[in-house]
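The basis for the numbers below is simple: all heavy atoms, side chains too, and nothing from hydrogens, waters or symmetry mates.
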Amino acid sequence: MAVDSSLSPLGPPACEKDAKALKFIEETTRNADPVQERVLAEILARNAETEYLKRYKLGGATDRETFKSKLPIISYEDLQPEIQRIANGDRSPILSAHPISEFLTSSGTSAGERKLMPTIQEELDRRQLLYSLLMPVMNLCVPGLDKGKGLYFLFVKSETKTPGGLLARPVLTSYYKSEHFKTRPYDPYNVYTSPNEAILCPDSFQSMYAQMLCGLLERNQVLRLGAVFASGLLRAIRFLQLNWQQLVNDIRTGTLNPKITEPNLKSCMDGILKPDPELADFVSKQCGDENWDGILTRIWPNTKYLDVIVTGAMAQYIPTLEYYSGGLPMACTMYASSECYFGLNLNPMCKPSEVSYTIMPNMAYFEFLPYDPNSASRGDSMTTRLVDLVNVEVGREYELVITTYAGLYRYRVGDILRVTGFHNSAPQFHFVRRKNVLLSIDSDKTDEAELQLAVENASKLLRSFNASVVEYTSYADTTTIPGHYVIYWELLVKDSANLETESVDSVMSQCCLAMEESLNSVYRQGRVADNSIGPLEIRVVKSGTFEELMDYAISRGASINQYKVPRCVNFTPIMELLDSRVVSKHFSPSLPHWTPERRR
């Protein structure tokens with residue numbers, strides 16, 4: 001069948017299915033404002049009888065003016081009482097006229113616990129729609145992706161049930177366990193080396209092992225390598241470094257590692273694995289080489305790009321990925337969160353620093369709060385300042401505010417975005433950062449208040465030495481795999497004569513663990529269950545180091561009257577100054593406490 005390339009200004013589609021997807025993108029972005037108006041009207045009409053909308057006396061109105069004048073801008077804490085009622089089993093239409101099907105656990109936290117985002121069954125259709133647009137756009141940039149497979153490291157994470165019986169789990173776990181994913185139709189442009197049994201295995205070691213093994217067995221078929229986040233792909237590389245000898249043994253003998261015990265996965269892998277001494281020799285030669293520069297393209301020589309998120313906090317991993325991949329392009333394809341799927345990158349092969357996401361107006365109703373980090377304005381006064389999707393200004397930064405079909409109304413997501421341009425009438429945004437996030441290695445997000453509390457709790461252990469923390473700062477060290485938090489402490493020791501090195505080291509190690517115990521559940525899950533974060537490190541610096549830090553900042557133009565110690569640093573000269581003053585280093589000696597959360 002001939003494909004009408006005139007359907008898409010984006011470029012000639014690869015097939016008829018792609019032509020329809022690209023046409024949908026064009027029509028939706030061209031009519032962004034009418035689509036937004038329709039989306040808001042649909043959300044308000046269907047949910048008119050919900051307790052939340054009746055509280056604000058909309059009276060069935062579905063127009064923007066009434067909506068904006070009557071509904072407040074809210075944060076998670078504002079909505080927590082309603083969410084708790086739903087979690088406890090209240091099935092009345094509180095937020096949504098459609099039944100809440102489950103909760104999606106956000107990587108953001110409230111009071112140290114994951115946020116619970118309500119969702120409804122039909123949201124899976126909306127997410128699936130956005131996924132269906134990704135490959136048609138990628139096929140414009142990279143031809144021939146139907147001639148091979150993608151090696152993607154995808155995982156399910158732990159899930160719990162609320163007291164009312166609703167599942168609470170991460171959005172990707174929800175998607176991978178859905179029929180949308182498990183029974184997806186065959187698409188030659190989107191075939192994975194990993195079988196569903198490997199992706200859905202709840203044991204992270206067994207899942208990673210099987211996915212890596214399948215990727216090695218089909219190494220010449222692999223055209224793209226990926227994970228959700230850059231940190232996840234680096235964990236896979238580290239896993240290969242630690243386990244390649246056992247993987248080689250499996251390939252050589254055709255027998256599966258006895259550590260793979262999950263019945264469905266074991267049965268699946270037994271049907272795939274056959275002896276291949278030649279492949280075993282090849283993998284052994286490549287992995288046995290001390291130099292892992294370009295290892296990804298050596299093992300998977302036909303790889304055309306890496307499909308990973310390297311925007312925001314993930315940008316810190318770009319140099320390491322460039323090293324292991326031999327400089328392969330990195331594609332950031334979509335922008336999504338637990339609250340809502342937002343949009344996609346229409347130029348996915350651009351440089352990571354140039355990534356912009358086009359918001360798809362059909363996904364939710366979007367508003368934008370002009371962002372000024374120095375502004376002290378809060379509360380209802382902000383309501384009149386919100387800007388509609390099509391009215392944002394290029395070059396300005398905004399905080400994203402969403403209204404969703406699942407029952408979030410004028411909800412502040414916490415993402416700071418900068419407008420880079422428009423595709424038709426839909427704006428394109430560069431993701432700047434998460435608001436208030438200080439440290440992040442993987443999906444963890446630690447803010448200044450959490451870090452302060454962790455330092456305070458840990459420093460109590462110093463009292464037995466008559467010592468205290470004078471100043472501190474931090475950074476996320478991604479030169480290790482997995483990355484880890486580094487905290488610089490300057491101590492005031494009132495009586496150093498009685499200090500024994502061994503006892504000091506022991507107490508400082510316990511301080512590291514005490515800090516980890518104080519951090520939120522997402523961080524602790526990353527340490528304990530996901531192995532995505534390494535042990536926290538405290539580096540003790542010489543007395544007077546933070547005075548030098550201030551002197552350096554003032555020499556660069558900072559005001560001595562307004563100078564505040566930065567609680568997180570990433571400027572190389574400052575880090576070099578701090579590291580040159582380190583007198584001792586200490587690591588957390590064990591894992592912090594974490595169990596899957598019980599929802600009260």
| request: Using distance alone, with no hydrogens and no angle criterion, decide if Q128 and Y175 have a side-chain donor and acceptor under 3.5 Å apart. | output: yes
| message | What I want to find out is whether K68 reaches E367 closely enough, with some N-O distance under 4.0 Å, to be called a salt bridge. | response | yes
| said: Assess whether a salt bridge exists between E179 and R184, defined as any Lys/Arg side-chain N lying under 4.0 Å from an Asp/Glu carboxylate O. | reply: no
| remark: Looking only at heavy atoms, the pair that brings V39 and A364 closest together is CG1-C, 3.6 Å
| task | Establish, yes or no, whether a centroid distance under 6.0 Å links the rings of Y76 and Y411. | result | no
| request: Assess the side chains of T50 and N47: does a donor N or O sit below 3.5 Å from an acceptor N or O? | output: no
| query | At their closest point, which heavy atom of L22 faces which heavy atom of P13, and how far apart are they? | reply | CD1-CB, 3.8 Å
| task | Evaluate side chain to side chain donor-acceptor pair (under 3.5 Å) for Y152 paired with R224, printing each intermediate quantity in order. | result | CA-CA 8 Å; Y152 281 73; R224 51 204 175 102; 2.7 Å; yes
| request: Pick out which of Y475, Y472, Y523 makes a ring pair (Phe, Tyr, Trp, His ring centres under 6.0 Å) with Y485. | output: Y523
| query | So, S92 side chain and I94 main chain: donor-acceptor pair closer than 3.5 Å or not? | reply | no
| Once you round to the nearest 0.5 Å, how far does CG of L130 lie from CD1 of I25? | 8.5 Å
| request: Determine, step by step, whether Q428 and T358 satisfy the side chain to side chain donor-acceptor pair (under 3.5 Å) criterion, reporting the C-alpha distance in whole Å, the side-chain angles of both residues, the deciding distance to 0.1 Å, and the verdict. | output: CA-CA 4 Å; Q428 298 177 304; T358 301; 2.9 Å; yes
| query | Looking only at atom types and distance, does a side-chain atom of H430 sit under 3.5 Å from a main-chain N or O of V355, one as donor and one as acceptor? | reply | yes
| task | Classify the ring geometry between Y365 and F67 as parallel (under 30°), tilted (30 to 60°) or perpendicular (over 60°). | result | perpendicular
| field | Under-4.0 Å salt bridge between R64 and D33 | value | yes
| request: Answer yes when D530 and K157 have at least one side-chain N-carboxylate O distance shorter than 4.0 Å, and no when they do not. | output: yes
| request: Evaluate the ring planes of Y341 and Y131, with Trp represented by its six-membered ring, and classify them as parallel (under 30°), tilted (30 to 60°) or perpendicular (over 60°). | output: perpendicular
| message | For R30, is there an ion pair with E27 - N to carboxylate O distance below 4.0 angstrom? | response | no
| N/O donor-acceptor pair under 3.5 Å between E51 side chain and L95 backbone | no
| Quick one: are the ring centres of Y192 and F153 less than 6.0 Å apart? | no
| query | Could you walk me through whether T333 and N345 pass the side chain to side chain donor-acceptor pair (under 3.5 Å) check? | reply | CA-CA 5 Å; T333 56; N345 183 0; over 6 Å; no
| query | So H180 and R127, side-chain contact (heavy atoms from CB on, under 4.5 Å) or not? Walk me through it. | reply | CA-CA 10 Å; H180 287 72; R127 290 179 212 125; over 6 Å; no
| Residues R434, E399: salt bridge by 4.0 Å N-O rule | no
| query | Where do R46 and E42 land on the salt bridge (charged side-chain N to carboxylate O under 4.0 Å, His left out) test, with the steps shown first? | reply | CA-CA 6 Å; R46 69 154 60 171; E42 286 176 358; 6.0 Å; no
| note | To the nearest 0.5 Å, atom CG of L145 lies from atom CE of M138 at 7.5 Å
| task | List the steps and the verdict of side chain to side chain donor-acceptor pair (under 3.5 Å) for E456 and Q452. | result | CA-CA 6 Å; E456 288 174 0; Q452 173 72 29; 2.8 Å; yes
| Hey, does the side chain of S474 reach the backbone of R567 with a donor-acceptor pair shorter than 3.5 angstrom? | yes
| query | Does atom NZ of K182 have more than 12 heavy-atom neighbours from other groups under 6.0 Å away? | reply | yes
| Could you state the interatomic distance from CZ (F103) to CG (L166), rounded to the nearest 0.5 Å? | 5.5 Å
| query | Can a salt bridge be assigned to the pair E339 and R412 using a cut-off of 4.0 Å between side-chain N and carboxylate O? | reply | no
| request: Please find out if less than 6.0 Å separates the ring center of Y409 from that of Y52. | output: yes
| Rounded distance [0.5 Å steps], CG in D442 versus OH in Y317 | 6.5 Å
| query | Quick one: are the ring centres of Y371 and Y398 less than 6.0 Å apart? | reply | no
| task | Grab the two heavy atoms, one from N520 and one from K445, that are nearest each other, plus how far apart they are. | result | ND2-O, 3.2 Å
| task | Identify the two heavy atoms, one from V310 and one from P352, that lie closest to each other, and give their separation to 0.1 Å. | result | CG2-CB, 3.7 Å
| field | S69 (side chain) donor-acceptor with T66 (main chain) under 3.5 angstrom | value | yes
| Criterion ring-ring contact (aromatic ring centres under 6.0 Å, His included) on F429 and Y335, from CA distance to verdict | CA-CA 10 Å; F429 293 92; Y335 171 37; 8.3 Å; no
| said: If I take atom CD1 from residue I237 and atom CG from residue L225, how far apart are they, to the nearest 0.5 angstrom? | reply: 8.5 Å
| query | Does any N or O in the side chain of R91 come within less than 3.5 Å of the main-chain N or O of I86, such that one atom is a donor and the other an acceptor? | reply | yes
| task | For S338 and S106, test the side chains for any donor-to-acceptor distance below 3.5 angstrom and give the result as yes or no. | result | no
| field | Carboxylate-amine/guanidinium proximity below 4.0 Å for R126 and E122 | value | yes
| task | Using atom types as modelled and distance alone, determine if a side-chain donor or acceptor of D447 lies under 3.5 Å from a backbone N or O of E450. | result | yes
| message | I need the I359 CD1 to H423 NE2 distance, nearest 0.5 Å. | response | 13.5 Å
| query | Any side-chain donor paired with an acceptor under 3.5 Å for E102 and T119? | reply | no
| Salt bridge present between D444 and R524 (N-O < 4.0 angstrom) | no
| task | Kindly say whether V486 contributes a backbone atom to a donor-acceptor pair with the side chain of D477 at under 3.5 angstrom? | result | no
| Backbone N or O of N424 within a donor-acceptor pair of the T29 side chain at under 3.5 Å? | no
| field | Under 3.5 Å donor-acceptor, R410 side chain and L71 backbone | value | yes
